[in-house]
Amino acid sequence: MFLKNCWYVAAWNHELGDASLARTLLGEPVVFFRDADGAPAALEDRCSHRSAPLSNGTVEGDNIRCGYHGLLFGRDGGCREVPGQSTVPPGSAIRSYPVIEKWRWIWIWMGDPAQADEKLIPDFHWNDDPEWVSQGDRFHVGGDYRLLVDNLLDLSHVQYVHASTLGTEAVSDFPVETRRDGDLVHVDRWIMDGPPPPMFQKAAGITGEVDRWQLITWNAPSHVVIDVGCAAAGTGARQGNRDQGMTMYSNHSITPETEKSCHYFWHHARNFNLEDEDLTAFLRKATGGAFFEDVDIIERQQKSIDSAPDDFIMVDINADGGVLQASRILDRLISEETA
Amino acid sequence: MFLKNCWYVAAWNHELGDASLARTLLGEPVVFFRDADGAPAALEDRCSHRSAPLSNGTVEGDNIRCGYHGLLFGRDGGCREVPGQSTVPPGSAIRSYPVIEKWRWIWIWMGDPAQADEKLIPDFHWNDDPEWVSQGDRFHVGGDYRLLVDNLLDLSHVQYVHASTLGTEAVSDFPVETRRDGDLVHVDRWIMDGPPPPMFQKAAGITGEVDRWQLITWNAPSHVVIDVGCAAAGTGARQGNRDQGMTMYSNHSITPETEKSCHYFWHHARNFNLEDEDLTAFLRKATGGAFFEDVDIIERQQKSIDSAPDDFIMVDINADGGVLQASRILDRLISEETA
Amino acid sequence: MFLKNCWYVAAWNHELGDASLARTLLGEPVVFFRDADGAPAALEDRCSHRSAPLSNGTVEGDNIRCGYHGLLFGRDGGCREVPGQSTVPPGSAIRSYPVIEKWRWIWIWMGDPAQADEKLIPDFHWNDDPEWVSQGDRFHVGGDYRLLVDNLLDLSHVQYVHASTLGTEAVSDFPVETRRDGDLVHVDRWIMDGPPPPMFQKAAGITGEVDRWQLITWNAPSHVVIDVGCAAAGTGARQGNRDQGMTMYSNHSITPETEKSCHYFWHHARNFNLEDEDLTAFLRKATGGAFFEDVDIIERQQKSIDSAPDDFIMVDINADGGVLQASRILDRLISEETA
């Protein structure tokens, strides 16, 4: 069961050009296209006549035409035209979905359209803000989207999964603080007065002692913003003064494709050395490579779960605090929605 | 559920040579071979001993020998020999099917053999008649055979599916007449006194005004003969005088492989420019290419149907008259047979 | 249903080196590794924390560490360490399996560990005995392991399945004697005073008349030892005097992977021309090629069985005596075990 009344990322905006785009989301095939003004539209990817996928048809102005018998549909799902007859039959409208293009992503609302409030789109402004340089990608993952959320809420995996890319630093030796703030979950880790983390050394040439932070915020159902940074030790970063610090936002939004697969959208934004294109290229390669290691472990984990006996029970460890909080909130939200 | 007491095309006759041929039909694995006289035989493709497929064995005269432990079966399914013993065990006969080679196709009767009357083979003489030149092929289609029948009974799809091969002519603007004749369904379209259709222009160099026809005949469960042609306008083609006309028969016979896949046999025959081999080659390429577009849309349609929610209802349009008539007749015939 | 309280071959010992080895046995994913002393260990291949496969982790001395969040497990399945905390949570132990390295194979006991008696390992000493030269391999087979056992208990298939490799000799014309000895099944064939079998002619240059034997011993659930040999006619081989004979043991041990797939371990040992490496290479190629033909027919047979109607009943023939005895014993043992 998926949470329906919420915004999900459906695509990077550059993925949707003049042609239509087919994508399965929450088990439903959806076709995206841009109308004559360039605004994105999303319809059920299934003609009401004989079920042919509309994504196999052609975009015509504000409408999309089925490539089988030529029925034409508007962005509201209404059938505009049936070749060979002057009227359209009753019941020929198909489902349309609210869509919004924001922060370089195309967002979709798969639940009740009346509740689709743009203000509910979670904050990912770093992906489209002149004060930040952001790069990212989309990965297809053969696993339950919740496994990937769990992955992001417990960074103790970094030292094992990403040993060859992000390094073998034992940050999990430093405690985290898990907090709830309404339905948000925060997992914060501060490492005071130590050497700078390897990626910052490499990326920004920092050498002196620093105060470091990894501040994770989860927003239901599957949006995870990770504020990672460091500042010169003793300059008050932990008290909120980050002027002398450097931050890389590692941001993630995961959209279920089916019960056991998902689309993993991520971007990585920094607020320093904005013009340094070599650094951007380096970070693109480093983060993309690391996140791909997550894809690999999630897919292995999913296979292992699928083969487990029915009575297999997973054991929790201390590092699962955030994972368990988020999971409980999401279960509650889904259960409230389906009630 | 399939109609069983009827003839289906199992293979082109040139597909069955000295070796056996394995093919799944109506969900049943069947092995075909030619006896010593060259007559085709068809048996259940499964040895009665340990279930090994006989198609993995060898043809020996009038018999086929299992490639596992050497049991020998005749064309009537009877076990002729068990290596290492002098008698054959009771119950060792396997199922045999009536088969007939006719009009370059191998026909099989999957139902009650006692009802297998050769006269019930539908007319496809154009495929083997000196007054016609015919070429054709077999396509494997990943979709329900009934979707392909529907496709052929509503040619309004031509302008959308075959835009790049058969052209974008809006013939669906001209009305069709749908008629039942017993359990046959006819869908007729006449376009009087207009320009010749593009393929005839190209194929036969016709330039003057013509009367055109597209006359579809469906024969249960999945045989579709389409008489497509044109004659000089005003020469009485519609009244039955076709002496000055030109005809291309576009003929189709579809055999279920499983519930969601089928074998699509088709041939295309013309009665003009018989000696023109360039024209034959051109038509082979044009028709093969166009029918392959049908395969593609059917497979997409099947996938879309498979992913549809249980309460999805297809809407009918005016062009579905023939589709609905044929579907109703086929449902009735299957229901009568299983009663 | 599988027999659990018995030894199965899990791997050739050379397959397990410094890294771990993942293998699914009886439907259960198992990870093998060698401890600091080189002794093999076997654990459930699934971390108790979040189900990640341990085979994706790293071997550390006597332990294996999960590659996801770093939990460390000993060869007894106990959790030794959870990163970031000083104790291990209750319930974090995973299943461990008794394993023994013997006769160049790694053996595993998938049932009750308390019953895992090394003495119950069936005799395959020929694979590791200086008086014999043995070569072998492991094949993955897409079929029920019992189909492969049946194959080995009825050598009448040799003439059909292995016509191009082992020859077309009609040995099935010579009768077999099937005997039970407790829960062992023996199928013996003697061919007295005839020409030497082709492989012995080729392998050992025998030319005179010989007495030949094929002596099959089946040991539940799926161990098959085949003593194949010949001796000069009239020298009393059948009475037990084999001093002047030559023997090739064709030995087989089959381990279920899933209900419809298995691991096929085999080796082939001879007691003549021990130093002849060309002969070893020739036999390796000949036997490997022949056994691969068995894999092929088993996989075809499995597919055919899967597509058979529910009421399909296999017919037995005279050659099935050993097959039926072994099958009955195995059914009884499984039923006793599950009772």
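Here is the naming used below: chain letters follow the sequence lines, and residue numbers restart at 1 for every chain. Just so it is clear, the values below take in all heavy atoms, side chains as well, and ignore hydrogens, waters and symmetry mates.
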Colleague: Count the heavy atoms of every other residue, nucleotide or ligand shown that sit under 6.0 Å from NZ of A/Lys102, and state whether that count exceeds 12.
Modeller: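 Yes, enclosed.
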Colleague: Checking B/Val323 against chain A: side chain, backbone, both or neither under 4.5 Å from a heavy atom?
Modeller: side chain
Colleague: At a 4.5 Å cut-off on heavy atoms, which part of B/Ile313 comes close to chain A: side chain, backbone, both, or neither?
Modeller: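 Backbone only.
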Colleague: I'd like to know which of A/Gly70, A/Gly91, A/Cys79, A/Gly57 tops the heavy-atom pair count under 4.5 Å against chain B.
Modeller: A/Gly70
Colleague: Does CZ in A/Phe312 sit with more than 12 non-hydrogen atoms of other residues, nucleotides or ligands closer than 6.0 Å?
Modeller: yes
Colleague: Hey, which residues of residues 40-56 of chain A are touching chain B, say heavy atoms under 4.5 Å apart?
Modeller: A/Glu44, A/Asp45, A/Arg46, A/Cys47, A/Ser48, A/His49, A/Arg50, A/Ser51, A/Ala52, A/Pro53, A/Asn56
Colleague: Any heavy-atom pair between the side chains of A/Tyr68 and B/Arg300 that's under 4.5 Å?
Modeller: no
Colleague: Counting neighbours of CD on A/Glu259 that are heavy atoms of other residues, nucleotides or ligands and sit closer than 6.0 Å, is the number greater than 12?
Modeller: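 At most 12 heavy atoms, drawn from other residues, nucleotides or ligands, come within 6.0 Å of this atom.
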Colleague: Need one label for B/Phe174: side chain, backbone, both or neither, based on atoms under 4.5 Å from any heavy atom in chain A.
Modeller: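 For B/Phe174, no heavy atom lies under 4.5 Å from chain A.
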Colleague: Name the member of A/His69, A/Glu28, A/Arg65 that forms the most heavy-atom pairs with chain B at distances under 4.5 Å.
Modeller: A/His69
Colleague: Picking from B/Asp320, B/Val315, B/Asp316, what satisfies side chain to side chain contact (heavy atoms under 4.5 Å, CB included) with A/Pro89?
Modeller: B/Val315
Colleague: Tell me which of these, B/Ser156, B/Ser307, B/Pro175, has more heavy-atom pairs under 4.5 Å with chain A than the rest.
Modeller: B/Ser307
Colleague: Can you name the residues of residues 138-153 of chain B that have some heavy atom under 4.5 Å away from a heavy atom in chain A?
Modeller: B/Leu147, B/Asn151
